[in-house]
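In the text below, chain A, chain B and the rest are named by the order of the sequence lines, each starting its count at 1.
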Amino acid sequence: MSSDITTASEALTFDKLGLSSKVLSAVSDAGYTEPTPIQAGAIPHALEGKDVLGIAQTGTGKTASFVLPMLTRLEKGRARARMPRTLILEPTRELAAQVEENFIKYGKNHRLNIALLIGGVSFDEQDKKLERGADVLIATPGRLLDHRERGKLLLNGVEILVIDEADRMLDMGFIPDIERICEMIPFTRQTLFFSATMPPEITKLTEKFLQGPVRIEVSKAASTNTSITQRIVKSGSKPWDKRAVLRDLIKAEGDELKNAIIFCNRKVDVSELFRSLTKYEFDAGALHGDMDQRARMTMLSNFRDGRLKLLVASDVAARGLDIPDVSHVFNFDVPIHAEDYVHRIGRTGRAGRSGKSFTIVTKSDLKALDAIEKLIGQKIEWHDGDLSSLPPAEETDEAPRRGRGAQRGRERGARSDSRQSRRPTASAQPDQELETVIQPDSEERASRRDAIRSENGARKGRPANGQEQRRHRRDEDDHPVIGFGNDMPAFMMIAGKV
DNA sequence: AAAAAAT
């Protein structure tokens with residue numbers, strides 16, 4: 001098992017790979033003539049029916065490296081009801097949908113039934129497609145197993161199995177599901193297995209489920225030091241400090257900023273930042289996993305088509321999603337895991353273009369920043385002076401202000417450690433925008449709720465933001481956790497509600 | 001300190 005290395009000297013074209021004429025004509029219609037290294041390496045072996053272990057990241061042309069040979073192989077034979085002929089497993093719904101688009105694009109000369117089984121949408125249409133017999137079944141693990149348990153799906157007719165983004169499946173805890181699914185499929189199948197990295201758990205999985213695989217490894221698509229200008233930007237640690245820093249950055253970039261993804265670590269923060277930016281009349285959308293599926297799809301396609309300039313997103317958008325040309329990436333929060341930083345900023349500076357990334361850094365982020373710099377093996381430059389140039393502010397977390405009347409009953413035994421920075425204090429700076437959401441004063445809670453409600457109501461007529469409505473209602477339920485602040489009524493503590 | 005995915 002040695003890695004295949006294709007030399008760049010021989011300008012390889014698609015027509016030498018053994019693909020069918022139907023596939024080739026669709027590929028050339030799409031404007032491609034030369035395969036990427038992973039495609040050149042994987043396609044001939046996949047066509048021969050061999051198992052393939054592809055180690056490649058998004059942006060390397062990995063998807064076509066299994067879609068094209070599968071289409072060629074599917075030209076013989078026909079699907080039977082409830083017995084799909086091929087199965088492609090993807091970690092997220094968007095990725096699954098994206099793979100479906102690839103099958104539609106490159107399979108336009110074929111008459112194939114394609115079924116997409118993902119959560120968040122109704123079963124009816126999926127059932128119908130299964131009943132009709134699917135040549136290509138693309139699924140996220142949860143929904144697939146759900147269909148199977150309902151008896152709508154038999155996996156013993158699967159000829160080709162694709163496991164995509166295996167390392168991400170591992171991160172998401174899908175490996176037991178993947179093992180279960182693999183065991184339902186006859187081992188006479190062909191397996192195409194893709195992963196960006198090979199941690200031990202993934203290696204074990206390939207040893208168990210691949211038979212004499214051809215291993216193809218291509219170098220990273222987006223290494224961090226190429227065309228991306230990275231900067232870190234100092235900020236006070238309060239959310240409104242960070243929002244102000246972000247707004248300034250966006251404005252300062254001016255026309256250079258064509259479109260940008262703004263990453264937050266948490267879904268609530270995505271919603272909150274999205275609302276704030278919208279309020280400041282930035283052209284923004286939001287994307288995270290608790291939004292309903294239709295909203296996710298709409299946001300993504302609006303962003304892709306350039307109808308939306310800024311996309312505030314959780315790490316759903318960090319990997320895999322095909323968002324071609326992003327001029328800027330902002331990390332509103334420093335990612336918790338250093339690898340995520342690489343994935344996030346890898347959304348810009350692709351395909352030889354240049355990109356910029358800004359990461360907003362507060363005092364409490366310095367450790368995470370250090371881990372990132374270690375991982376990427378370089379120091380990231382400060383954009384406009386480091387944190388030491390910040391006014392020393394009342395940000396010194398060492399001095400817990402006790403004795404503020406009722407301000408202090410709660411917070412899991414009044415911790416005075418790292419949670420400090422999240423605790424609202426009475427001396428909080430007045431935020432131009434969301435201070436009412438954050439202020440702990442319980443007397444204001446009712447009016448604050450009303451404010452949010454009317455904000456959502458006012459949103460109704462606005463199509464670009466309309467999709468987020470359902471989420472906002474939930475956010476309302478999320479916020480009081482913060483809003484209770486430090487004056488939770490004593491009876492609630494007795495009730496053990498902390 | 002998170003996110004993702006089945007309901």
Side-chain angles (χ1 to χ4, degrees), chain A residues 58 88-98 116-124 126-127 138-153 163-181 196 237-239 242 261-273 286-293 296-297 300 311-321 331-344 347 360-369 371-372 397 411-412 415 417-423 471 478 481-482:
Chain A
T58 333
I88 298 131
L89 291 171
E90 295 288 336
T92 68
R93 299 170 187 174
E94 275 79 10
L95 273 172
Q98 204 168 285
L116 178 66
L117 303 190
I118 58 174
V121 292
S122 93
F123 281 91
D124 295 356
Q126 298 180 356
D127 283 344
I138 306 154
T140 46
R143 184 53 76 96
L144 181 93
L145 288 170
D146 207 346
H147 274 284
R148 214 196 86 98
E149 274 152 26
R150 295 166 359 123
K152 297 283 181 184
L153 179 61
I163 297 166
D164 198 13
E165 304 250 341
D167 51 351
R168 197 164 177 208
M169 303 243 203
L170 173 73
D171 288 348
M172 291 166 69
F174 280 165
I175 296 306
D177 287 347
I178 299 300
E179 290 185 315
R180 267 180 71 202
I181 294 166
S237 57
K238 299 285 187 273
K242 295 170 77 172
I261 305 181
I262 303 163
F263 285 102
C264 299
N265 285 355
R266 302 184 313 170
K267 290 178 283 201
V268 262
D269 297 329
V270 170
S271 300
E272 190 170 282
L273 180 58
L287 185 71
H288 65 68
D290 276 355
M291 285 164 54
D292 71 77
Q293 196 53 31
R296 285 166 69 164
M297 296 286 187
L300 198 54
L311 185 67
V312 188
S314 68
D315 277 317
V316 226
R319 304 195 215 182
L321 287 191
N331 288 312
F332 185 76
D333 298 312
V334 178
I336 294 155
H337 293 304
E339 320 89 74
D340 289 330
Y341 176 83
V342 180
H343 290 294
R344 287 181 181 186
R347 312 268 35 171
I360 298 175
V361 174
T362 70
K363 277 186 181 163
S364 45
D365 296 325
L366 289 175
K367 238 175 98 180
L369 176 65
I372 289 168
D397 289 358
E411 200 55 40
R412 293 177 199 247
R415 295 156 137 211
D417 55 24
S418 60
R419 291 187 77 87
Q420 182 88 12
S421 58
R422 299 202 56 198
R423 191 187 310 123
R471 287 301 314 148
D478 293 345
V481 176
I482 299 169

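- Within the nucleic acid shown, A/G173 has no heavy atom closer than 4.0 Å to any nucleic acid atom.
- Contact annotation: A/S314 reaches the phosphate of B/dA4 (side-chain N/O to OP1 or OP2, under 4.0 Å).
- Checked by atom type and distance alone, the side chain of A/R143 pairs as donor or acceptor with a backbone atom of A/V121 at under 3.5 Å.
- Distance CG (A/D127) to C1' (B/dA6): 14 Å, rounded to an integer number of Å.
- Residue-level contact check: A/D171 touches the bases, meaning some heavy atom is under 4.0 Å from a base atom.
- Proximity note for A/I336 (side chain, C-beta onward) versus B/dT7, B/dA5, B/dA1: the nearest is B/dA1.
- When the C1' atom of B/dA5 is taken as reference, atom CD of A/E149 falls 14 Å away, rounded to whole Å.
- You'll find the side chain of A/H147 reaches within 4.5 Å of the side chain of A/D127, heavy atoms only.
- Atom CD in A/Q126 sits about 11 Å away from atom C1' in B/dA6, given to the nearest Å.
- The separation between A/I175 atom CD1 and B/dA5 atom C1' is 13 Å, rounded to whole Å.
- In this structure, of B/dA5, B/dA2, B/dA4, it is B/dA5 that holds the atom nearest to the side chain of A/R93.
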Apply the test side-chain contact (heavy atoms from CB on, under 4.5 Å) to residues A/V361 and A/L366: give CA-CA distance (whole Å), side-chain angles for both, the deciding distance (0.1 Å), then the verdict.
CA-CA 7 Å; A/V361 174; A/L366 289 175; 4.1 Å; yes
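- Note on A/R296: every side-chain N or O is 4.0 Å or more away from OP1 and OP2 of B/dA4.
- For the pair A/R148 and B/dA6, the criterion of a side-chain N or O lying under 4.0 Å from OP1 or OP2 is not met.
- Among the nucleotides B/dA5, B/dA2, B/dA4, the one closest to the side chain of A/H288 is B/dA4.
- Rounded to an integer number of Å, the gap from A/R344 CZ to B/dA2 C1' is 9 Å.
- For A/T92 and B/dA5, the shortest distance from a side-chain N or O to OP1 or OP2 is not below 4.0 Å.
- Between A/F263 atom CZ and B/dA4 atom P the separation is 12 Å, expressed in whole Å.
- Remark: C1' of B/dA6 and CG of A/L116 are 15 Å apart, rounded to the nearest angstrom.
- A/L170 has its CG atom 17 Å from the P atom of B/dA4, to the nearest Å.
- No donor-acceptor distance shorter than 3.5 angstrom exists from the side chain of A/K267 to the backbone of A/G289, with no hydrogens or angles considered.
- Here the side chain of A/S314 pairs a donor or acceptor atom with the backbone of A/V316 at under 3.5 angstrom.
- A/H337 contributes a side-chain N or O that forms a donor-acceptor pair with the base of B/dA2 under 3.5 Å.
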